[in-house]
Amino acid sequence: MKQKADIGNILFCIVLAILYVSIFSFSTSPFYSNQRLDDSNYFFLIGRGWLNGQLPYVDFFDNKGPFIYLINAMGFALTGNKYGIYVIQIITNSLTFYFCLRILQQRYSRPISLALTSLIALGLSIMTEGGNAVEEYVLPLIVLSFGYFYRWGHQTKSDPVPTPHPSNWAFVYGIIFSLCLTTRLANALGLFAGIAVIVCYLIYKRLWKNLFHNAMTFLLGFCVILLPFVFYFGYKGALADLWENTIVVGFSYLHRNVSRDELNLHDVIYRMLPFIYPFLLLCISWYLWVKEKDGKWCAAIWISAASALVIWYTLGGGYVHYGILTIAFIPIILLELDVIKEHSMRKAELRIGRILFILFLAVTLSGGFMRLYGATKGRPVDMSLMEKYQAMLSLIPSNEKNDFLAYECDPNIYYYCHLVPANKYFLSQEFTFEILHEQKQQILKDVEQPLVKWLLVEHYPRVSIRELLDRRYQLVKETGGTRLYRCKHSAS
């Protein structure tokens, strides 16, 4: 009977994942056409290029780790188009929902757990910005690790002797940390903060042998994921490029002061979304810290993890898709609310729990249904702009299409116009100069050597390569502020 119920749980999570990805992943879902791709522009292009023999960081510039490009390359290898990524997303989100369901079943009945997992899918939709996000592929293991945190933390409440931490769980933490390093290092902040509390506990309780075993299995899990990438890029002679783009450029991106942007009220509210679930968990955890004499270490894990993510979102510029990882907090929020209900002896305490639960419901339902309404409109790309690009690009001879670069153009140009860039700095060049201002002159030299034969340029008066364009290129056509240039030495 238990096995039959678990098969039912798996099927439920698969169906929920199909619905979620089909509705909210505008960039990959087969049920939408002509949608904005946003970050998927980079991932599609680099993943497909990698599959065709090009190399991330050498032939394409970006600051993400190689795992996200590998996922996209696998997707294109699976079906020959972006729908392979859609399939991988369904698998990934099925795991996320299944792990959430298993965690919830520690305190809730199966029907209630299924209903709450559906709510988690709505909460996830709030943070989704077109799908195929870096965080999406790390989330299942983050949820799993938080489930481990919860089980171990509650064991510390009831055990009369110090509670060792299972070392095989540390192996999973190592895998997750390595995946975060090969996507975006900041994705590991909540995990790292929780592990730090566990380490402090093991040191405080003098469980030295257990601490050593956990450290070794953590390193083993870390190496299982990281070393294949290190060996591969080392063999290709691109290991330095890998570290420079993911670590150095990544930190430069983090320190970019996006607070300079002028924000209206809608933007402010939108950028507050990633704070919702960490804030709820902080309120609950501080309350339990005060009320539970034996629950200090358990509460400390969630205070530490939630605080780390709040700090990151404050510094990271408020991109809503960063909040995808906070979905891992929702099962913990729901479990701890049940703890408050179980142990509260006074009406005031019960009222606090109810208020927090109502706040959770209000945010999740209102935000989720707003996303559902938004899904009816999609996020359409400006096809009139794509058609203008196509008309201008028709002037390029077919045998020279691969010697082309779009400069400050709409990022969707490569996918919708079926192009491959001839220079590693292929999108958002001025933004790249902004986050790497100290390397700007070197980047300009890289753009010039070797020269791309054809350039399509937007915002000519503001671009950093005006002098290069005037000196080395011939204007072929200008339409509505968009300019097509051809290198002078190649003009016939």
Side-chain angles (χ1 to χ4, degrees), residues 14-15 17-57 59-62 64-96 125 128-140 182-183 321 324 375 377-387 389-390 393-394 396 398 401-402 404-406 409-422 424 426-428 456:
I14 292 173
V15 171
I18 291 172
L19 289 172
Y20 166 76
V21 178
S22 298
I23 294 171
F24 297 110
S25 184
F26 303 122
S27 64
T28 59
S29 172
F31 300 100
Y32 297 97
S33 60
N34 300 331
Q35 297 293 300
R36 281 169 42 201
L37 300 178
D38 299 322
D39 281 355
S40 285
N41 279 299
Y42 294 87
F43 307 153
F44 286 177
L45 195 60
I46 299 175
R48 187 166 50 185
W50 197 356
L51 188 65
N52 293 329
Q54 294 175 290
L55 197 61
Y57 317 116
D59 297 304
F60 303 98
F61 171 84
D62 197 22
K64 308 299 189 298
F67 183 70
I68 183 64
Y69 311 133
L70 179 62
I71 290 288
N72 281 254
M74 289 168 58
F76 278 101
L78 191 63
T79 63
N81 54 37
K82 66 178 183 178
Y83 300 133
I85 302 165
Y86 168 78
V87 173
I88 295 173
Q89 285 179 279
I90 290 173
I91 296 170
T92 301
N93 284 282
S94 297
L95 290 172
T96 294
S125 73
T128 300
E129 293 186 302
N132 194 30
V134 169
E135 295 80 9
E136 191 175 336
Y137 302 106
V138 181
L139 181 59
T182 55
T183 52
H321 63 85
I324 287 174
K377 300 178 180 179
R379 303 176 72 186
V381 71
D382 185 350
M383 289 309 295
S384 63
L385 180 61
M386 293 300 114
E387 289 167 5
Y389 287 163
Q390 288 274 27
L393 294 171
S394 65
I396 302 176
S398 58
K401 293 277 188 182
N402 290 331
F404 167 82
L405 180 68
C409 295
D410 186 295
N412 298 282
I413 183 172
Y414 292 109
Y415 184 80
Y416 286 104
C417 296
H418 310 289
L419 297 165
V420 177
K424 66 185 291 186
F426 59 97
L427 280 177
S428 306
L456 191 68

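Computed from a prediction, not measured in an experiment: that's the story for all the values here.
Note: F43 CZ to L70 CG = 13.0 Å, rounded to the nearest 0.5 Å. The CD1 atom of I90 lies 9.5 Å from the CD1 atom of I14; values are rounded to the nearest 0.5 Å. Interatomic distance, NZ of K401 versus NE2 of H418, reported as 11.0 Å (0.5 Å rounding).
Residue pairs meeting the side-chain hydrogen bond (donor to acceptor under 3.5 Å, both in side chains) criterion with at least one partner in residues 76-87, sequence neighbours excluded, are S22-Y86, T79-N81.
Residues forming a side chain to side chain donor-acceptor pair (under 3.5 Å) with S428 (at least two apart in sequence, or on another chain): Y42. For L385, the side chain to side chain contact (heavy atoms under 4.5 Å, CB included) partners are D382, K388, Y389, D410, E458, not counting sequence neighbours. The side chain to side chain donor-acceptor pair (under 3.5 Å) test applied to S29 returns no partner, not counting sequence neighbours. Residues satisfying the side chain to side chain contact (heavy atoms under 4.5 Å, CB included) test with Q54, not counting sequence neighbours, are D59, F60, V420. For I88, the side chain to side chain contact (heavy atoms under 4.5 Å, CB included) partners two or more places apart in sequence, or in a different chain, are I71, M74, T92, Y137.
If you check the side chains of S40 and Y415, you find no donor sitting under 3.5 Å from an acceptor. Side chain to side chain, E136 and N93 meet the donor-acceptor criterion of an N or O pair below 3.5 Å.
No side-chain donor-acceptor contact under 3.5 Å links S94 to the backbone of A17. Within the 3.5 Å criterion, the main-chain N or O of I23 finds a donor-acceptor partner in the side chain of Y32. Between the side chain of R36 and the main chain of G130, no donor-acceptor pair closer than 3.5 Å is present.
The side chain to side chain contact (heavy atoms under 4.5 Å, CB included) test with T28 singles out one residue from I85, V87, L37, and that residue is I85.
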